[in-house]
Amino acid sequence: MGMEYVYAALLLHSAGKEINEENVKAVLEAAGIEVNEARVKALVTALEGINIDEAISKAAFVAAPAAAPAAPAEEAKEEEKKEEKKEEEEEVKEEEVLEGLGALFG
């Protein structure tokens with residue numbers, strides 16, 4: 001089912017309107033979306049008896065922990081930067097050593 005159908009249902013819910021076939025069709029048509037009668041009927045049937053507020057809060061709860069791994073990824077990037085700096089410093093030291101050896105044998 002297209003997300004636009006779900007969005008139509010959420011819009012109706014947030015506006016305090018009944019989620020029925022007529023209202024869902026009206027929202028979709030107002031948005032310029034070609035209405036598929038079977039999808040509208042399936043959506044309305046699927047949402048019967050569903051507490052949308054509860055479903056939204058559960059979805060938000062599930063989505064929130066997913067954001068947590070972003071911090072370790074940033075830490076990993078910082079570690080990579082530190083390692084790159086160390087490698088650059090090591091390369092500079094190698095160049096200095098080679099220059100020193102060149103001076104000895106030059």
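Residues: numbered from 1 along the sequence shown. None of the values given here were measured: they were computed from a predicted structure. Side chains are part of it too, since the values below use all heavy atoms of this structure and drop only hydrogens, waters and symmetry mates.
Between His13 and Ile52, the shortest heavy-atom distance links the atoms CD2-CG2, 3.7 Å. Considering every non-hydrogen atom in both Tyr5 and Leu43, the closest pair reads O-CD2, 3.2 Å. Between Glu18 and Leu12, the closest heavy-atom pair is O-CD1, 4.2 Å. In terms of heavy atoms, Asn20 sits closest to Val44 at C-CG2, 3.6 Å. Here the shortest heavy-atom pairing between Val27 and Ala8 reads CG1-CB, 3.6 Å.
Considering NZ of Lys17 and CG of Asn23, their distance stands at 8.0 Å, rounded to 0.5 Å. Atom NZ of Lys58 sits about 9.0 Å away from atom CG of Asn51, to the nearest 0.5 Å.
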Exercise for the section: Take Leu28 and Val40, measure what side chain to side chain contact (heavy atoms under 4.5 Å, CB included) needs, and give me the verdict at the end. Expected result: CA-CA 10 Å; Leu28 293 171; Val40 171; 4.1 Å; yes
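Under the side chain to side chain donor-acceptor pair (under 3.5 Å) criterion, the residue pairs touching residues 29-38 are Lys25-Glu37, with sequence neighbours excluded.
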